[in-house]
Amino acid sequence: MATAAWQPQEDGLKEICGLLEQYRLPTVDQSRIWQQHQGCSQLPDFNNYLAFILCRAEGDAVNIRQAAGLLLKNNLKSNYQSIQPSHLQYIKAEVLPCLGSSDFGVRTTVGTIASVVLQHGGFQCWPELYQALVQCLDSNVYNHMEGALGALFKIAEDLPEMLDSDVPGFADRPLAIFIPRLLQFFTSEHAALRRLALGTVNQFIVLFPAALFSNMGQYLQGLFSLANDSVGDVRKLVCAALVQLLEVQPNALQPHMRNVIEYMLQANKDPDRDVALEACEFWSAFCEAHLPPDLLREFLPRLIDILLDNMVYADDDEALQDEDEDENAPDRDQDIKPRFHQSRIVGSTDGAEEVEDDDDDDIINSWNLRKCSAAGLDILSTVFGDDILPILMPLVQVRLSTTEDSEWVQKEAAILALGAVAEGCISGLLPHLAQVAQSPEGQLQFDGILTGLLRRILDPHKRVQEAACSAFATLEEEAAEDLAPRLEPILQHLMYAFGTYQRRNLRILYDAIGTLADAVGSELNNPKYLEILMPPLISKWQQLSDNDKDLFPLLECFTSIAQALGPGFIQYAEPVFMRCINLIRTHQVAKADPQSAGVNYDKEFIVCSLDLLSGLAEGLGSSIENLVSRSDLRDLLLQCCTDEAPDVRQSALALLGDLVKACAVHLQPRLAEFLSLAANQLQGQNVKENVSVANNACWAIGEVAIKVRSEISPIVLTVISPLVRILSNTEGLNKSLLENSAITLGRLGWVCPEIVAPHMEHFMQTWCRALCTIRDDFEKEDAFRGLCAMVRLNPGGAVSSLALMCEAIGSWHEIRSKELSSEIAQVLHGYKQMLSQSNSWEQYFGTLDGTLREKLVKTYGL
């Protein structure tokens, strides 16, 4: 192609070359160079100079060719539309011959420039590029082929859809021409060409265009021929392709599945850990593709053994670098990752939807073979359940029984494996929990697992301690009350560990203790157990200063213990209560005046303290009244309800509801202010921006309503409107908020039916739909008391929603309150009598599902 007429000026060329040369020097004044660059970039033909330098520079200037090209690429990316057409034509004409440059850096840069230009006009604006790519691919000249493949890889990465689009004047879509040529390079003698060709085709698996579909047989054949390539990067791409095909087009692989699985097992042991990691992704993809599990079943013994081997820390694992594993070596500050307390969510689902905290503190956040193998074992356990235990447990036992001190990594991996399968195999790990006490065999198996974990909790190596504590916390959640008969040895092991662990693992141990308290509840309230548990915790509580962040996990641990012990916590309550008050007060002062407070403000101290006070109020009940009456908690709490930090407001509103239940009299003087602040959290954008704050506000208002009854009447209408909006516009809101809104609406209708009932027809349908989703409990009973109270006052307001109301009533499995059951029966019989007068009852009742009609007739005698 003839080069355009533009030619550089010698002085301008020297100045720009000199600028680029200086910019590469580490000692140069970068700001001065930047100013000079800004001056040059104002020249209308500046990009022409850059193209000329990239493509034609000789002598010393060769070193700055790539720098010119990268600058040109960035200018094209950001200012393409403002570049004169004649200059664009010059740039295209100059760079195109360099697609096959002998300089690797130059041809790579030209490939990125080609991708940027295509983003702004496609092949129809640069058909010469398409022709050049085809010619280079067919040339059999290495530099030309490598340059074209590199450019295609970049174009496929940035613009896959464009390559599969019709181009005016082209007989075929570009991809139909390129795919067959790319597949031919799978057999190239040059590893770089094999890698680029395979990497480019892989970019289209998700899009799965017709060009790939029609060549699928050749593509798969090419993949299998590259499966044992001598170059790790190529093998990695083969594994990546098979994983993607499994995710997007599993049917394409199904006829070859046995061979693919065999290959992936082999690749999972590849000495190149990047290849092994890519192969390991296959097992999760297989399970998520919902293929018949039997395709994989016969391979499970080999697969599980490989996964266990790969769960062992590698010698170069980031998590082990510069770390002293001796249990007696204190942790350094950099060993301890930042932790974030999650504010309390209260009400109908009681935090069931809280985001899980990933405490796998391997936990340098890079994904690696160890973590991927554990994830693979986890998902296998959910698909195959207890069937994998006869394979897994002997392998785990062998690794746990090793006595060599240097083999601690084997023990740690075995414990990690138990944690990974704990959820999927819980019925096998803890055989038939409900009958465990009656089953000596099941009890022995459970005790064996428990004893093994407890021993490993006392292991001298920190990583084993960490894995054992995390696995034990999972076991606690699943086993729950079945741990109660074994509390003494569990507590003895945990508190012995408490005396030996360093700071990082202490945090995980606090979590295990708190989870144990949640699991066994009031069973913990036994003097024998408290004598083991509480003295070390109280001692640590006294040692830690008010600005020590190690207080956070201890505060969380005490919260769970206080809730579990209930009134039994009273003997420890006063110093804990007073310290929480002081922490809140100190950090509220510190927000405005850190010097006066003596600490820097940290809202986490306030949030954790508010949550512990909630735990105390929930556990102690009315016994907390004496502590509240002698403190300024009410005023501090009011401040927290107005805090600009959402998580502070969230925890403050949870505490408001808990205190109202325990000792409403001490909030009474400022109750109107509390209610106004809570109602504000349900208005406008507040709800969707801070769903959990709105959830707690909603729940607290409901708790106040049933405690103070008609005294809540001044704000009822203020609250009803946003509650109805929440129930009518559910997008972006969680289940907890929707259920709490339905319950609070019912509670307000129960205590102030004369205010709410006249508005029933505006919310009955959405309200009844929400009531259907709530599980049976006392809060649902309150909501239905509200329903009955409002219907008695305004039966006409619910007639048009009668079918939905019947569905809501039918959602009960069992109403424990005979009084409520009688009220609901009266409502239904009242409607039957009222509608029968106009011969409408059968019309309404007949629209209901047959099973529901039968249930209502049987339960309420209709």
Side-chain angles (χ1 to χ4, degrees), residues 156 160 164 173 175-176 178-188 194-195 197-270 275-307 372-373 375-377 379-380 382-385 387-388 391:
D164 190 42
R173 293 180 176 184
L175 206 55
F178 289 133
I179 286 279
R181 287 173 165 79
L182 289 167
L183 293 175
Q184 289 175 7
F185 281 101
F186 283 19
T187 57
S188 170
R194 299 195 299 272
R195 176 178 54 78
L198 177 53
T200 304
V201 178
N202 284 3
Q203 311 256 25
F204 296 99
I205 293 175
V206 173
L207 193 62
F208 208 68
L212 182 57
F213 178 77
S214 61
N215 288 280
M216 181 52 65
Q218 190 182 347
Y219 177 46
L220 289 174
Q221 189 178 341
L223 284 178
F224 298 147
S225 72
L226 293 173
N228 296 308
D229 197 277
S230 59
V231 175
D233 281 350
V234 175
R235 298 196 302 277
K236 179 181 171 183
L237 285 168
V238 171
C239 293
L242 293 171
V243 170
Q244 279 191 286
L245 282 170
L246 190 62
E247 291 171 339
V248 178
Q249 292 292 331
N251 292 338
L253 285 185
Q254 200 149 346
H256 313 279
M257 192 58 75
R258 285 185 62 82
N259 290 334
V260 171
I261 291 171
E262 282 283 3
Y263 172 67
M264 284 303 194
L265 287 169
Q266 174 191 325
N268 225 160
K269 298 187 290 185
D270 197 294
V275 176
L277 173 58
E278 203 65 57
C280 194
E281 300 284 0
F282 183 83
W283 315 116
S284 294
F286 181 95
C287 295
E288 288 165 358
H290 303 298
L291 292 167
D294 284 345
L295 289 172
L296 190 56
R297 192 177 299 275
E298 68 177 279
F299 300 98
L300 288 177
R302 290 160 60 197
L303 172 56
I304 289 171
D305 197 16
I306 292 168
L307 292 177
C372 188
S373 300
L377 188 58
I379 197 165
L380 285 172
T382 64
V383 171
F384 292 96
D387 290 353
I388 70 172
I391 303 165

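Sequence positions, counted from 1, serve as the residue numbers for this chain. In this text, all values refer to a predicted model and were calculated from it rather than measured experimentally.
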Taking all non-hydrogen atoms of both residues, which atom of [X] and which atom of [Y] are closest, and how far apart?
X: Ile205; Y: Val248; result: O-CG1, 3.6 Å
X: Asn215; Y: Ala211; result: ND2-O, 2.7 Å
X: Ala240; Y: Glu278; result: N-CG, 3.5 Å
X: Val275; Y: Gly232; result: CG2-O, 3.3 Å
X: Arg235; Y: Asp270; result: NE-OD2, 2.8 Å
X: Leu253; Y: Leu242; result: CD1-O, 3.5 Å

Side chain proximity check, [X] to [Y], heavy atoms < 4.5 angstrom:
X: Cys239; Y: Asn268; result: no
X: Ile261; Y: Met264; result: no
X: Leu307; Y: Leu380; result: yes
X: Ile306; Y: Trp283; result: no
X: Leu220; Y: Leu245; result: yes
X: Leu246; Y: Met257; result: yes

Report the distance from atom [atom1] of [X] to atom [atom2] of [Y], rounding to the nearest 0.5 Å.
X: Phe204; Y: Leu182; atom1: CZ; atom2: CG; result: 8.0 Å
X: Leu377; Y: Ser284; atom1: CG; atom2: OG; result: 10.0 Å
X: Arg297; Y: Ile388; atom1: CZ; atom2: CD1; result: 11.0 Å
X: Lys236; Y: Leu198; atom1: NZ; atom2: CG; result: 12.0 Å
X: Met216; Y: Gln218; atom1: CE; atom2: CD; result: 11.5 Å
X: Leu207; Y: Leu212; atom1: CG; atom2: CG; result: 9.0 Å

For the ring-ring contact (aromatic ring centres under 6.0 Å, His included) test, which of Tyr263, Tyr219, Phe224 pairs with His256?
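Per the ring-ring contact (aromatic ring centres under 6.0 Å, His included) rule, the option paired with His256 is Phe224, out of Tyr263, Tyr219, Phe224.
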I'd like to know whether Phe299 forms a side chain to side chain contact (heavy atoms under 4.5 Å, CB included) with Leu265, so could you lay out the CA-CA distance, the side-chain angles of the two residues, the decisive distance to 0.1 Å, and finally the verdict.
CA-CA 9 Å; Phe299 300 98; Leu265 287 169; 3.8 Å; yes
Check this for me: Gln254, atom CD, are more than 12 non-hydrogen atoms of other residues, nucleotides or ligands nearer than 6.0 Å?
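Counting other residues, nucleotides and ligands, CD of Gln254 exceeds 12 neighbours.
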Among Leu295, Ile379, Val260, which residue meets the side-chain contact (heavy atoms from CB on, under 4.5 Å) test with Phe286?
Leu295
Given Val231, Leu237, Thr200, the one that forms side-chain contact (heavy atoms from CB on, under 4.5 Å) with Arg195
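With Arg195 as partner, side-chain contact (heavy atoms from CB on, under 4.5 Å) holds for just one option, Leu237.
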Under the salt bridge (charged side-chain N to carboxylate O under 4.0 Å, His left out) definition, can you give me all pairs with a residue in [range], not counting sequence neighbours?
range: residues 214-233; result: Arg194-Asp229
range: residues 242-269; result: Arg258-Glu298, Glu262-Arg302
range: residues 209-220; result: none

